[in-house]
Trainee: 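My structure is below; once you've seen it, I'll send some questions.
Numbering of residues begins at 1 and proceeds along the displayed sequence. What's counted below: heavy atoms across the whole structure, side chains too, no hydrogens, waters or symmetry copies.
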Amino acid sequence: MQNRTDNQVNAGFFVRLAAYLIDSLIIGTALLSIRIPIWVSSWISKDNIIVKDFIFKYSVADIVVYVLGVMYFILLTYKTGTTVGKKMLHLKVKSVEERDMTFFEVAFRETVGRFLSSVSYVGYIMIGVNKSKRGLHDFLSDTEVIYYHE
């Protein structure tokens with residue numbers, strides 16, 4: 001069920017989940033080109049700085065893979081308002097204040113906002129239960145996800 005205001009239809013939980021799954025498949029496939037060589041290098045030497053734990057239980061490779069994945073969401077959302085998965089489902093992220101989103105807003109939404117939304121998934125469940133179809137990360141960054149047609 002979507003919320004309709006002023007010819008705008010906000011995207012609900014399941015279509016947003018589908019877009020995220022499509023994006024995750026794309027990112028996962030693309031990052032295999034980095035993960036496979038790293039995995040092979042870990043067999044060669046366990047003391048390799050790239051695969052050895054660097055911060056807590058994370059290696060340099062883990063950090064690089066995370067940053068590249070997050071940059072996919074940040075850069076595409078900032079430049080186009082959409083990712084490949086969202087574009088396939090005709091979804092777009094926009095500011096609720098009817099202005100262009102700043103890089104900081106998008107970066108905050110895609111990092112801190114998503115992290116906080118994933119804590120017990122309450123932030124994502126909000127999408128399905130509130131009238132505006134906005135998750136915690138949307139409220140924190142003053143954004144919403146809408147259907148659009150080109």
Trainee: Give a yes or no on whether M71 and I34 share a hydrophobic cluster (residues Ile, Leu, Val, Met, Phe, Trp, Tyr; joining criterion: side-chain heavy atoms under 4.5 Å apart).
Mentor: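 Per the 4.5 Å side-chain linkage, M71 and I34 are co-clustered.
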Trainee: Within the structure provided, determine whether E97 and D142 are in side-chain contact (heavy-atom separation under 4.5 Å).
Mentor: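 Yes. Closest side-chain heavy atoms under 4.5 Å.
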Trainee: Under 4.5 Å between any side-chain heavy atoms of L89 and I22, yes or no?
Mentor: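 The answer is yes; the side chains approach within 4.5 Å.
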Trainee: Using only atom types and a distance under 3.5 Å, with no angle test, would you say the side chain of S41 pairs donor to acceptor with the backbone of I38?
Mentor: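 Side chain of S41 to backbone of I38: a pair is present.
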Trainee: Tell me whether F73 is reachable from L25 by hopping between hydrophobic residues (I, L, V, M, F, W, Y) whose side-chain heavy atoms are closer than 4.5 Å.
Mentor: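 L25 does not cluster with F73.
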Trainee: What's the shortest heavy-atom distance between K92 and T80, and which atoms?
Mentor: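 Closest heavy-atom pair between K92 and T80: CE-O, 3.7 Å.
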Trainee: Go through the steps to decide whether T111 and I74 satisfy the test side chain to side chain contact (heavy atoms under 4.5 Å, CB included), and finish with yes or no.
Mentor: CA-CA 9 Å; T111 56; I74 293 173; 4.1 Å; yes
Trainee: Keeping R16 on the side-chain end and K133 on the backbone end, is there a donor-acceptor pair under 3.5 Å?
Mentor: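 Yes, R16 side chain to K133 backbone: donor-acceptor pair under 3.5 Å.
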Trainee: Might you point out which heavy atoms bring S95 and R99 nearest each other, and give the distance in Å?
Mentor: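 That closest heavy-atom pairing would be CB-O, 3.3 Å.
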Trainee: For the residue pair L31 and Y72, establish whether any side-chain heavy-atom pair is separated by less than 4.5 Å.
Mentor: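 They are not in side-chain contact.
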Trainee: May I ask you to check whether over 12 heavy atoms, not counting those of Y20, lie within 6.0 Å of atom OH?
Mentor: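 Atom OH in Y20 is not crowded, with 12 or fewer foreign heavy atoms closer than 6.0 Å.
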Trainee: For the hydrophobic clusters of this structure (ILVMFWY residues joined by side-chain heavy atoms under 4.5 Å, transitively), does one cluster hold both I146 and V84?
Mentor: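 No; tracing contacts between hydrophobic side chains, which count when under 4.5 Å, never links both residues.
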Trainee: Does F115 belong to the same Ile/Leu/Val/Met/Phe/Trp/Tyr cluster as F56, with side-chain heavy atoms less than 4.5 Å apart forming each link?
Mentor: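 No; tracing contacts between hydrophobic side chains, which count when under 4.5 Å, never links both residues.
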Trainee: Show the nearest heavy-atom pair for residues G12 and I127, with the distance to one decimal.
Mentor: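 Taking G12 first and I127 second, the nearest heavy atoms are C-CG2, 3.8 Å.
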Trainee: Taking the side chain as everything from C-beta on, heavy atoms only, tell me whether E110 gets closer than 4.5 Å to T83.
Mentor: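 Counting from C-beta outward, E110 and T83 never come under 4.5 Å.
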Trainee: Kindly give the heavy-atom pair with the smallest separation between D62 and K57, and that separation in Å.
Mentor: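 Scanning both residues completely, I find the closest heavy atoms to be OD2-O, 4.0 Å.
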Trainee: I would like to know whether M126 and F13 meet side chain to side chain contact (heavy atoms under 4.5 Å, CB included); could you show each step before the answer?
Mentor: CA-CA 9 Å; M126 288 172 61; F13 176 80; over 6 Å; no
Trainee: Can you find a heavy atom in the side chain of L140 that is under 4.5 Å from one in the side chain of L116?
Mentor: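 In short, these two side chains touch, coming nearer than 4.5 Å.
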Trainee: Which atoms form the tightest heavy-atom contact between Y58 and I63, and what is the distance?
Mentor: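 Where Y58 meets I63 most closely, the heavy atoms are CB-CG1, 4.5 Å.
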Trainee: Working to the nearest 0.5 Å, report the span between OH of Y148 and CD of Q8.
Mentor: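 The OH atom of Y148 sits 14.0 Å away from the CD atom of Q8.
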Trainee: Same cluster or not: V93 versus V15, using hydrophobic residues (I, L, V, M, F, W, Y) connected whenever any side-chain heavy atoms lie under 4.5 Å apart?
Mentor: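 Same cluster.
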Trainee: Angle class for the F103/Y78 ring planes (parallel below 30°, perpendicular above 60°, tilted otherwise)?
Mentor: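 Judged by the thresholds at 30° and 60°, the geometry between F103 and Y78 is perpendicular.
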Trainee: Under 6.0 Å from the CE atom of M88, do we count more than 12 heavy atoms belonging to anything else shown?
Mentor: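 Incorrect, the count does not exceed 12.
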Trainee: Verify, without hydrogens or angle tests, whether D23 (side chain) and I27 (backbone) share a donor-acceptor contact under 3.5 angstrom.
Mentor: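 Between the backbone of I27 and the side chain of D23 there is no qualifying donor-acceptor contact (under 3.5 Å).
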Trainee: Does some side-chain heavy atom of V122 sit less than 4.5 Å from a side-chain heavy atom of L136?
Mentor: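 When only atoms from C-beta onward are counted, V122 and L136 do not touch, as no gap falls below 4.5 Å.
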Trainee: For the residue pair K94 and M101, establish whether any side-chain heavy-atom pair is separated by less than 4.5 Å.
Mentor: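 No, too far: nothing below the 4.5 Å cut-off.
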Trainee: Within this structure, what is the CG-CG distance for the pair L91 and N10, rounded to the nearest 0.5 Å?
Mentor: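 Output value for this atom pair is 10.5 Å.
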Trainee: Taking the side chain as everything from C-beta on, heavy atoms only, tell me whether V96 gets closer than 4.5 Å to E144.
Mentor: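 Yes, their side chains come closer than 4.5 Å.
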Trainee: Using 0.5 Å steps for rounding, measure from the CG atom of D100 to the CD atom of E105.
Mentor: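 D100 atom CG to E105 atom CD measures 10.0 Å (nearest 0.5 Å).
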Trainee: Just how far is it from atom CG of L76 to atom OG1 of T82, taken to the nearest 0.5 Å?
Mentor: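 The OG1 atom of T82 is 8.0 Å from CG of L76, to the nearest 0.5 Å.
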Trainee: Taking R134 for the side chain and T143 for the main chain, is one N or O donor matched with an acceptor at less than 3.5 Å?
Mentor: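 Checked: pair present.
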Trainee: Where is the tightest heavy-atom contact between I125 and S120, given as atom of each residue plus distance?
Mentor: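 Where I125 meets S120 most closely, the heavy atoms are CD1-O, 4.5 Å.
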Trainee: Kindly state whether the ring of H137 and the ring of F108 have centres lying under 6.0 angstrom apart.
Mentor: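 That pair fails the under 6.0 Å test.
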